[in-house]
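Keep in mind that this is a model prediction, so the values were computed, not measured.
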Amino acid sequence: MITAGGDDPVVTVVITTYNRPACLREAVKTVSNQDYDPIELVVVDDCSREPAAEVLADLTPDVASFKIRRHEANKGANAARNTGIESASGSFIAFLDDDDWWEPEKISKQVKVFEEAGDGVGLVYTGRKIVEENSVVETATPGPVEEDMTKVLLCRNPIGTQSTVMVRSDIARQVPFDEEIPRWADLEWFVGVSTVCDVAVVQEPLVIY
């Protein structure tokens with residue numbers, strides 16, 4: 001476990017990337033712009049044609065710790081997320097797809113919810129904005145979490161995308177991503193996590209999708 005100078009827990013941000021170098025650079029910048037400290041950044045390169053290490057060679061992320069893991073063969077997004085979990089040292093893990101961005105207060109607001117909610121909560125998600133050609137075309141602002149989140153998730157997906165999620169690292173290791181599922185993998189994982197812990201929400205659109 002990484003230890004920080006202050007009392008705030010370390011958050012590991014896992015960026016998974018494959019063949020989108022320009023997007024990856026912007027995703028890393030959005031992590032650097034977070035108003036929270038300390039952050040450990042783990043970039044998992046799922047065997048991109050241009051290695052992430054080369055794409056990011058001239059960037060120095062403004063984080064406490066930074067490392068890149070590279071797959072020698074393309075394994076898919078869920079395998080990349082599992083690699084990120086294996087590499088994480090923080091108390092919490094936040095996932096960021098390489099083509100998404102975060103508002104600067106995203107991590108700090110999720111950590112605050114964790115601290116106020118107690119040990120029963122293992123996952124906190126946020127709302128999101130859908131942007132096309134630099135214009136917001138849709139805003140998803142979630143309501144309060146309903147009592148039986150597993151039942152809700154089996155009917156619909158209020159969490160949305162993986163980039164809205166922060167999870168306790170012990171829960172992430174308890175419920176790994178299924179690397180055999182080709183579609184709806186995020187939703188399958190949300191359901192699995194909801195069976196072992198409570199879920200909470202930040203009712204603001206803090207992810208730009």
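Looking at Arg69 and Thr83, their side chains never bring a donor and an acceptor atom within 3.5 Å of each other. The closest side-chain donor-acceptor pair between Asp45 and Thr17, if any, does not fall under 3.5 angstrom.
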Could you please spell out the steps behind the side-chain contact (heavy atoms from CB on, under 4.5 Å) verdict for Thr126 and Lys106?
CA-CA 8 Å; Thr126 76; Lys106 193 257 188 189; 4.3 Å; yes
Applying side-chain contact (heavy atoms from CB on, under 4.5 Å), run through Val43 and Thr16 and close with a yes or a no.
CA-CA 6 Å; Val43 172; Thr16 52; over 6 Å; no
Give the C-alpha distance, both sets of side-chain angles, the deciding distance and a yes or no for side-chain contact (heavy atoms from CB on, under 4.5 Å) between Val10 and Ile39.
CA-CA 6 Å; Val10 173; Ile39 292 174; over 6 Å; no
Quick one: do Arg25 and Asp58 satisfy side-chain contact (heavy atoms from CB on, under 4.5 Å)? Show the steps, please.
CA-CA 10 Å; Arg25 289 176 63 89; Asp58 64 334; 2.8 Å; yes
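With values rounded to the nearest 0.5 angstrom, Ser163 atom OG is found 10.5 Å from Arg128 atom CZ. Distance CD/Glu26 to CD1/Ile208: 11.0 Å, rounded to 0.5 Å. Taken to the nearest 0.5 Å, the CZ atom of Arg173 stands 11.0 Å off from the CG atom of Asn82. If you take CG on Leu41 and OG on Ser87, they are separated by 11.5 Å, rounding to the nearest 0.5 Å. From Ser48, atom OG reaches atom CG of Leu24 across 7.5 Å, with rounding to the nearest 0.5 Å. Atoms CG and CD1, from Leu123 and Ile159 in turn, are 5.5 Å apart once rounded to the nearest 0.5 Å.
Glu40 contributes a side-chain N or O that, together with a main-chain N or O of Ser89, makes up a donor-acceptor pair within less than 3.5 Å. Between the Thr30 side chain and the Trp101 main chain, no donor and acceptor come within less than 3.5 Å of each other.
Residues Asp46 and Ala73 come closest through the heavy atom pair OD1-O, 3.8 Å. For Ala185 against Asn78, the heavy-atom pair with the smallest separation is CB-ND2, 3.2 Å. When all heavy atoms are compared, the tightest approach of Gly127 to Pro142 is CA-CD, 3.3 Å. Counting all heavy atoms, side chain and backbone alike, Gln174 lies closest to Val196 at NE2-CG1, 3.6 Å. Nearest heavy atoms, Ser169 versus Gly90: OG-O, 3.2 Å. Across all their heavy atoms, Tyr18 and Cys47 have their closest contact at CE1-O, 3.5 Å.
For Phe95 and Phe177, the ring centers are positioned less than 6.0 Å apart.
Two residues are said to be in side-chain contact when any heavy atoms from C-beta on lie closer than 4.5 Å; Ile93 and Ile85 meet this criterion. Contact of the Ile107 side chain with the Trp102 side chain is registered, since non-hydrogen atoms from C-beta on lie closer than 4.5 Å. Side chains of Val124 and Phe92 form no contact here, defined as non-hydrogen atoms less than 4.5 Å apart. Within the 4.5 Å cutoff, the side chain of Val145 has heavy atoms near those of the Tyr125 side chain. Using a 4.5 Å cut-off on side-chain heavy atoms (C-beta onward), Val42 and Ile15 make no contact.
By the 4.0 Å N-to-carboxylate-O rule, Arg81 lies close enough to Asp186 to be salt-bridged with it. Looking at Lys109 and Glu204, a side-chain N of the basic residue comes within less than 4.0 Å of a carboxylate O on the acidic one, giving a salt bridge. A salt bridge links Lys129 with Glu103: the distance from a Lys NZ or Arg NE/NH1/NH2 to an Asp or Glu carboxylate oxygen falls below 4.0 Å.
Screening Asp98, Asp97, Asp100 for a salt bridge (charged side-chain N to carboxylate O under 4.0 Å, His left out) with Arg20, the sole residue that qualifies is Asp98.
Counting non-hydrogen atoms of other residues, nucleotides and ligands closer than 6.0 Å to NZ of Lys151 gives a total of 12 or fewer.
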